[in-house]
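In what follows, chains are A, B, ... by sequence order, proteins preceding strands, each numbered from 1.
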4 protein chains.
Amino acid sequence: MINRVVLVGRLTRDPDLRYTNSGTSVASFTVAVDRNFTNQQGNREADFINCVVWGKSAENFANFTHKGSLVGIEGRIQTRSYENQQGNRVYVTEVVTENFSLLESKAESDRYRAQHGGSASSAPRQQSQSSFGGNPYGAPTNNQGSYQQDNAYGNGNNDAMQDPFAGNGSKTDISEDDLPF
Amino acid sequence: MINRVVLVGRLTRDPDLRYTNSGTSVASFTVAVDRNFTNQQGNREADFINCVVWGKSAENFANFTHKGSLVGIEGRIQTRSYENQQGNRVYVTEVVTENFSLLESKAESDRYRAQHGGSASSAPRQQSQSSFGGNPYGAPTNNQGSYQQDNAYGNGNNDAMQDPFAGNGSKTDISEDDLPF
Amino acid sequence: MINRVVLVGRLTRDPDLRYTNSGTSVASFTVAVDRNFTNQQGNREADFINCVVWGKSAENFANFTHKGSLVGIEGRIQTRSYENQQGNRVYVTEVVTENFSLLESKAESDRYRAQHGGSASSAPRQQSQSSFGGNPYGAPTNNQGSYQQDNAYGNGNNDAMQDPFAGNGSKTDISEDDLPF
Amino acid sequence: MINRVVLVGRLTRDPDLRYTNSGTSVASFTVAVDRNFTNQQGNREADFINCVVWGKSAENFANFTHKGSLVGIEGRIQTRSYENQQGNRVYVTEVVTENFSLLESKAESDRYRAQHGGSASSAPRQQSQSSFGGNPYGAPTNNQGSYQQDNAYGNGNNDAMQDPFAGNGSKTDISEDDLPF
DNA sequence: TTTT
DNA sequence: TTTT
C-alpha cells in the first residue's frame, strides 16, 4: 500500500496557520503547479492542490513561506469527509505534507517581499490567532508533544473525521534553532 | 514544476468506462490505499482516491481490473471545477493515470472472479455504453488517434474545464495484441 | 532538495540481514523491476536495484520476505564510496528504504514457500550471524534505540563514509506484535 | 512494476552532451541533493546522483542548464553493466530522466552566468563534439527520429548493454520554438 | 571527481 | 551475481 506525492510549485496565498483544541499547529495552503502542456487555446493551465502540514513543521512552513514562494512538497494524498452547516457531506482530497523544502534563496524571497511589502523572514509574520469552527480538518488528539511527521507507522492525522479547529489562538514563538533547514 | 503521484491499492469497484463526444475512452475508478497507521480506536483507515485514465489505456484498464484488484498507479494530481445542476461550482481533485501495473497474478485474479462471479479476463467485461451528460471530466478534443499518455510535453487532459461525456456509446473490441503488459 | 524513490518489484534473492558494531540491524536486498518496454530483440529487461533498510524494519523485512517476494519500496537514493582491498575507491548508488509494503497475501507467500521449501512466515528464517568487515555500508553510530526511519530531519544513515559491519552476530527474536503491518 | 524517481538539486558541473553512432543526443550530468539531516560531525552531506537524458530533451537540458543550476528531475532508476578496458564488468546505477524542470528564473540563471562568464541562454553553449568510445551508455538504435521519452511502453534506452558513443560530432541548432517550457 |  |  503506497501513497506518495511529490509537488514543486508556488503558493497561491500566504499559508494559514491555525491550532487545534489540543494546541497542535496546522498550516493549510495551496500549491499551484503549472502543467507541462498547453490547452487548446495555447494557454498553460495549472493545478491548484490543497495541502496541510502539522505540528512544528506547520509553524516553520508558515513563517518561512508566503504567497508566491516556490516550494517542494513530499507527502501523501488524504481523503476525508465532513458534514457542512447545511447538513451535506463534503468530500475533501488534499495532500498531507510530510517533508518540504524551500526552493528559493533568501535573496529571491526578499526581492519578492520588497515588491509585495511583506515582513522579512527574520521577523516572521504573525500567525493567525482567530478561533474558528467551520474548518473540517481532522486534528490528531494524541498530541502532547508526541506528534511525529514522517515516521513510518503513524503519519499524519490520526483522526480524520473529527472536528478540528476550535482555535485556542495560542501564540508560538519559534527561534532559528528550531528550523529544519 | 513537478506533480507526481504513485499509488498502490485496491479498486473499490469495477472501473467505469465511458466515451467522450469525440470517441475518446476514459475510465474512472477509485483506489483504496490503507494508511500505514491506525486511528485512536486502533482501526486502520484508508484513503479513497479518485482516478481517471484516458485513451487505449482506459480500455485496457477496464478490461483487466475489477473491484478488489491490486493496482499500481503513476500519474499526477489534477484539479478542475464544473457547474452542477444546481448552479454551484464543484471542485474536483483526482489522479490522472499516466501508467499503471497489475500487481496480481492471473491466478489470483481468477480466484477472485470465481468467488465473485465476474467474467474471465479472456472475456472482458462489457464496457458501459450509456451516454451521460452530468459527469464533469474534461475531455481532450484533439483526439483523432493522437492522444498520448505519458509523453513529456502534452500529458493528460488538454481541456480540463470543458463538458465531457456526451457518451456516444461506441463499442470497443480490443484484442490481446493491444495490451501493454 | 527532494530525493524520492518508489519501487514495486520482486526480490532477486533472500534479503541479507547483518548487524553493525553497535548492534544496529541492516538488511540489504535487490529488487528486480521489469521495464515496461522491450528491447530490440523483443525481450523485456529489468533493472536490478540495490536497497538497504535499517533498524527494526530491517528485521521485519528480512523475516517476511524472501527470494521472489513482491514488495513496494519507498525511500531515497544514497550515494557513497569506500576504499576496496585493492586500494581503489568504489562508488555505490543504492536505495535507502524508509517504508515498505508486502504486496502478496500470506496465501501467495505460503504457496511460494511450499514450492520452494522455505520456512513459514510464523517461523522466520534464521538471520545471518556471521561477522564481516568488507562491506562498506556506513552505519549510524547514534543508535542506542534511537534509530528513526522516516523522521523528517534525520533519515537513514548518518555516517555514510564510515566502516560498518563488524557483525556481532546477535540474534533477534521478534514477535508478531512488533510488526508494522 | 513501478520505478519512479523525483529529484530536486543542483548540477555539480555543466551537463555533457554527446551523440550516439546513429546521431541520438544524450546528455549526462550529476545532481547534488543535500540530505535533510546532518552527520555526526554536524555537517550536511549530499548525494551525488548520476543522470542521463536522451533525444531532444538532452539538447534542451544541455543548453539551458549549467554547473549550479537548480533542477527538478523525474525519471526511473536504470541499472546496466559494461566491460571496461581491463576486462572487468562494471555495474552502473543511474537515473534516466523522463521529464525535467528548471527551477530558477532566467534572472537567477543570468546572474550566475554574469558572474561565471558563461554564454547567455539565448546563445546556447556549444555542445561537445569530440568522439569518444569509452563511455558505456547503451544507445537506442531504433532512433530515426522516433525516440520517445515518457511514452508508457517504450521509455529510455532500448539497448542497455550495447556500446554507445562513437560520437559523430554533428552539430545541433535548436531554436526557441522547440523548447518544452 | 562533486552543487548552493 | 539477478525476480515472476
Between A/R10 and A/E104, does any side-chain N to carboxylate O distance fall below 4.0 Å? yes
In this structure, how many angstroms lie between the [atom2] atom of [N] and the [atom1] atom of [X], rounded?
| X | N | atom1 | atom2 | value |
| --- | --- | --- | --- | --- |
| D/I73 | E/dT3 | CD1 | P | 18 Å |
| D/R13 | E/dT2 | CZ | C1' | 8 Å |
| D/D47 | E/dT2 | CG | P | 14 Å |
| D/N36 | E/dT3 | CG | P | 20 Å |

Where the side chain of [X] is defined as all heavy atoms beyond and including C-beta, which of [options] is the nearest nucleotide?
| X | options | result |
| --- | --- | --- |
| D/T30 | F/dT2, E/dT2, F/dT3 | E/dT2 |
| C/R10 | F/dT1, F/dT3, E/dT3 | F/dT3 |
| D/A32 | F/dT2, E/dT3, E/dT2 | E/dT3 |
| D/F48 | F/dT3, E/dT3, F/dT1 | E/dT3 |
| D/T12 | F/dT1, F/dT3, E/dT3 | E/dT3 |

Going by the rule side-chain contact (heavy atoms from CB on, under 4.5 Å), which residues pair with D/D34 if we only count those two or more places apart in sequence or in a different chain? C/M1, D/R44, D/A46
Going by the rule side chain to side chain donor-acceptor pair (under 3.5 Å), which residues pair with D/T30 if we only count those two or more places apart in sequence or in a different chain? D/R13, D/N50
